[in-house]
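Every chain is numbered from 1, with letters handed out A, B, ... down the list of sequences.
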Amino acid sequence: MTATFVGMPAFPEAARRALENAQQRHNLAHATGTIREKRASVVAEVDEWEGLRLAGAAIKDHTLRHLDDQLLALESALQERGATVHWARDADEACRIVADIAHAHDLDEVVKVKSMATQEIGLNEALAAEGIAAWETDLAELIVQLGDDLPSHILVPAIHRNRSEIREIFRTSMGEVGRPAPDALSDDPADLAAAARLHLREKFLRAKMAVSGANFAVAETGTLVVVESEGNGRMCLTLPEVLVSVVGIEKVVPTWQDLEVFMQLLPRSSTGERMNPYTSTWAGVVPDDGPQEVHVVLLDNGRTRALADEVGRQALRCIRCSACLNVCPVYERTGGHAYGSVYPGPIGAILNPLLRGVGVDEQTDSLPYASSLCGACFEACPVRIDIPSVLVELRGQVVDAHRGGLPKPEAVAMRGAAWVLSSGTRTARSERAAAFAGRLLDKMPGGRRQGERRVLGTIPVPGPGTAWSQTRDVPVPAKESFRAWWSRTDGGDEA
Amino acid sequence: MSARDDILAKVRAAVGEAPEVAAVPRDYRRPSQSSGEELLDRFVERVEDYRATVTRCAEGDVPRELERLLDGARRVVVPDGFPWSVPGGEPDEGKSAAELNDVDAVVTTSSVGIAETGTVVLSHGAGQGRRALSLVPDLHVCVIHTDQVVAGVNEAVGVLDPLRPQTWISGPSATSDIELSRVEGVHGPRTLHVLLVG
Ligand code: SF4
């Protein structure tokens, strides 16, 4: 099972709290607005962008359709080049494998490259329970870890912290776990980065084992790829003697040549750069260069469940670029914590229920409602995941799961996004959402009538959420369509 | 059942009966329009866009340019097979990470340059050194020949060997983690000079 953040309230409640935090909203609006602009300009540079998106989606679909063969090919390519391949059904098995490798070398610490998969399985906590410290080395992850905090964005996990908060975190906490921050530390980002460089260098130089994820794993050759900015990834992948990479089974791509597509799609979609500063690739053990003991843990943890969902399986194309977060009007206002998962935003709203299953916990079941179905995420997605369609499908599944006995399909539905985005009395829905709903109603199994009720849950209505509208401090849109308001006000920044 | 067999069985149950998917459309592979000088100009412009510096020079001027770019570095590590002599340069000799941490600069050659993205790729063979060499010192001087510069990512992937370890470098190490304000130099070399030869 994938854990939700412990004690995290369901989306609407968490979103309400987040909306009250003006600092976070300010930071987020600034950050997502900046990345959106950068992305738009570098995407516009590429004439073949649509062709690349189509190819990216098709490569992933092909891989997923033949995932058994692809995984077996990857396994044998890795083994041929001296890597040890492990398979983990769930988070517990994966954490066990990593801990055992550390124990085998008698280690009480490892360094880590930012990786969604290891966050998803709660590796740091599992290792801590075994007496092994896992040091995050990505600057944002370091801020999150030292602040005893939770990540709020896939790409910029500390997006909710501003520079003076970060300075405080460094001053108070660095000394407890290693080299302290310099006395005269200012809140200049360059100064803060320099403090992190010194603090972490000590850890890199003595590290015996590193744990990473991988952005891609090439079945044909056993080549793993890590895409990063700071160089902490290179440090971890190069300096220690032992390297363990935890790789979701959906990360496999068939051939080396296929990377040409993803190495164009990912950096431009993610950080809005033509290319990220550093990308490392390696195939197993490289004699006399880097770690001489290399492990790869192939992780399921709900992915085969998602794969079995005919509509939802496209979510496994995701390359974790976070473009959908940055264009999402709901995410921008609530921040990542409201989603209660390491996968926030539009992708989190579909991926978490797909990985965990619906009808299990209220938090997960509320996520498919964390959207206005405006469609911006689909347009931004480099692998063309039709997130709105999957959301509507999952809403149906949530409602079905709560039929018979459990009281409140509509209450569970909560219309989370509606309350964030609309005035409490406004019942108009965006034309786009209506179009989606109409299209999907016709496709839904069980006929239009059943479908109708499902989708009705998405329409903003006054009612049980009135309490929200009283505390809500989002800009109230004028009487124009959401999309029109959105583009006129630059995502609400000027409203 | 082993975890491996279990996962594979679940994969087969999930998609074994699914319809075959369409072939991958490769229409995005359009041959580049630009060539020669245009390509090199773009490469230079895009590398500089990351706040790295680029110097163009003739083959014969490489030693002089290296000396200039390395000015101020007390200790310089030179990988085996580096084609030019670097006065005062030290060979690698399997230096530990801690030893490399006391070295100021590294010189390397490279395998491919990508004009479209301003990227140099090292595949860590002769002249390029093992991966740690171009990582730990704070200054990296990277030499590339004009005929190694290709138009885009498609072409670069086509000539690179997936069995070699690779480092794709686009400017100096950077972070935007603090309020998205870009800071050059976190863990990798804080300064990158590219020397474009020919
Ligand atoms: S769903 Fe698409 S846009 Fe969102 S993170 Fe994944 S790949 Fe990026």
Side-chain angles (χ1 to χ4, degrees), chain A residues 31 34 48 51-52 54-55 58-59 61-62 64-65 67-68 87-89 93 139-140 156 158 162-163 166 189-190 192-193 196-197 200 205 218 221 223 229-232 234-235 238-239 249 256-257 259-260 263-264 274-283 286 288-290 300 304 307-308, chain B residues 2-4 6-8 10-15 18 20-28 30 46 49-50 94 97-98 101 114 116-119 124 130-132 135 153-154 156-158 162-163 165-181 183 185-189:
Chain A
T34 308
E48 294 82 22
L52 287 164
L54 287 165
I59 292 167
D61 283 352
H62 173 82
L64 293 170
R65 173 62 186 80
L67 191 57
D68 50 345
W87 300 70
R89 273 176 280 237
E93 283 188 2
L139 180 52
V156 201
N162 66 17
R163 60 182 74 191
I166 294 167
L192 294 169
R197 177 184 172 100
L200 287 171
L205 293 179
V218 180
T221 56
T223 309
S229 292
E230 296 170 11
N232 62 307
R234 294 176 66 191
M235 290 279 175
T238 308
L239 298 185
I249 53 174
W256 168 253
Q257 195 71 41
L259 286 178
E260 71 189 14
M263 287 310 295
Q264 294 180 77
R274 296 187 181 107
M275 192 62 83
N276 50 291
Y278 297 137
T279 296
S280 297
T281 77
W282 73 101
V286 185
D288 301 321
D289 186 347
D300 180 347
T304 50
L307 191 62
Chain B
S2 71
R4 175 180 185 272
D6 203 12
I7 293 169
L8 290 170
K10 283 186 194 150
V11 167
R12 287 175 187 134
V15 287
E20 198 39 69
V21 291
V24 176
R26 301 285 179 181
D27 317 343
Y28 63 85
R30 305 226 193 101
R46 301 228 157 145
D49 217 31
Y50 300 118
N101 200 36
I114 309 175
E116 181 71 43
T117 60
T119 303
H124 303 285
R130 63 197 165 96
R131 285 172 285 173
L135 172 62
V153 175
N154 298 339
V157 170
L163 300 183
Q166 292 169 23
T167 308
W168 296 34
I169 299 171
S170 306
S173 141
T175 183
S176 300
D177 279 350
I178 300 166
E179 295 180 10
L180 290 178
S181 87
V183 176
V186 194
H187 303 297

For the interface with chain B, which of [options] has the highest count of heavy-atom pairs at distances below 4.5 Å?
options	result
Arg163(A), His62(A), Glu93(A)	Arg163(A)
Ser229(A), Ala58(A), Gly51(A), Ala196(A)	Ser229(A)
Leu67(A), Thr223(A), Leu307(A)	Leu307(A)

Heavy-atom distance under 4.5 Å to chain B: side chain of [X], backbone, both or neither?
X	value
Ile249(A)	side chain
Ile166(A)	side chain
Ala190(A)	both
Val218(A)	neither
Leu52(A)	both

Kindly compute the distance separating [atom1] ([X]) from [atom2] ([Y]), expressed to the nearest 0.5 Å.
X	Y	atom1	atom2	result
Leu54(A)	Asp27(B)	CG	CG	8.0 Å
Tyr278(A)	Thr119(B)	OH	OG1	12.0 Å
Ile114(B)	Met263(A)	CD1	CE	8.0 Å
Asn101(B)	Leu205(A)	CG	CG	4.5 Å
Met235(A)	Ser173(B)	CE	OG	8.5 Å

So do [Y] and [X] actually touch side chain to side chain, heavy atoms under 4.5 Å?
X	Y	result
Arg274(A)	Glu116(B)	no
Pro277(A)	Ile169(B)	no
Leu8(B)	Trp87(A)	yes

By a 4.5 Å heavy-atom criterion (distance strictly below it), what part of [X] contacts chain A: side chain, backbone, both, or neither?
X	answer
Val157(B)	both
Pro172(B)	backbone
Arg131(B)	both
Thr167(B)	both

Would you confirm whether [X], through its side chain, and [Y], through its main-chain N or O, come within 3.5 Å as a donor-acceptor pair?
X	Y	answer
Tyr28(B)	Ala55(A)	no
Tyr50(B)	Met275(A)	yes
Arg130(B)	Asp288(A)	no
Thr304(A)	Ile7(B)	no

Legend entry - Partners passing ring pair (Phe, Tyr, Trp, His ring centres under 6.0 Å) against His124(B) (at least two apart in sequence or in another chain):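 For His124(B), no residue satisfies ring pair (Phe, Tyr, Trp, His ring centres under 6.0 Å) once neighbours in sequence are set aside.
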
Inset, instruction - Kindly determine whether Asn154(B) and Gln264(A) satisfy side chain to side chain donor-acceptor pair (under 3.5 Å), including the steps that lead there. - result: CA-CA 9 Å; Asn154(B) 298 339; Gln264(A) 294 180 77; 2.8 Å; yes

Inset, instruction - Would you mind telling me which of Pro25(B), Ala174(B), Ala97(B) has the largest number of heavy-atom pairs within less than 4.5 Å of chain A? - result: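 Result: the option with the highest number of such pairs is Ala174(B).
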
Inset, instruction - Could you have a look at Gly171(B), Ala18(B), Ala98(B) and say which one has the most heavy-atom pairs with chain A under 4.5 angstrom? - result: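 Greatest number of close heavy-atom pairs with chain A: Ala18(B).
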
Inset, instruction - Before giving the answer on side chain to side chain contact (heavy atoms under 4.5 Å, CB included), spell out for Glu260(A) and Arg26(B) the whole-Å C-alpha distance, their side-chain angles and the decisive distance to 0.1 Å. - result: CA-CA 11 Å; Glu260(A) 71 189 14; Arg26(B) 301 285 179 181; 4.1 Å; yes

Legend entry - NZ/NE/NH1/NH2 to OD/OE distance under 4.0 Å, Glu48(A) and Arg30(B):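 Yes, charged N to carboxylate O under 4.0 Å.
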
Inset, instruction - Kindly give the heavy-atom pair with the smallest separation between Thr238(A) and Ala132(B), and that separation in Å. - result: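 In this case the closest contact between Thr238(A) and Ala132(B) is CG2-N, 3.4 Å.
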
Inset, instruction - Evaluate the side chain to side chain donor-acceptor pair (under 3.5 Å) criterion for residues Glu230(A) and Thr175(B): first the C-alpha distance (whole Å), next the side-chain angles of each, then the deciding distance (0.1 Å), finally the verdict. - result: CA-CA 6 Å; Glu230(A) 296 170 11; Thr175(B) 183; 2.9 Å; yes

Inset, instruction - With sequence neighbours excluded, tell me which residues meet salt bridge (charged side-chain N to carboxylate O under 4.0 Å, His left out) with Arg234(A). - result: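 Arg234(A): no salt bridge (charged side-chain N to carboxylate O under 4.0 Å, His left out) contacts found.
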
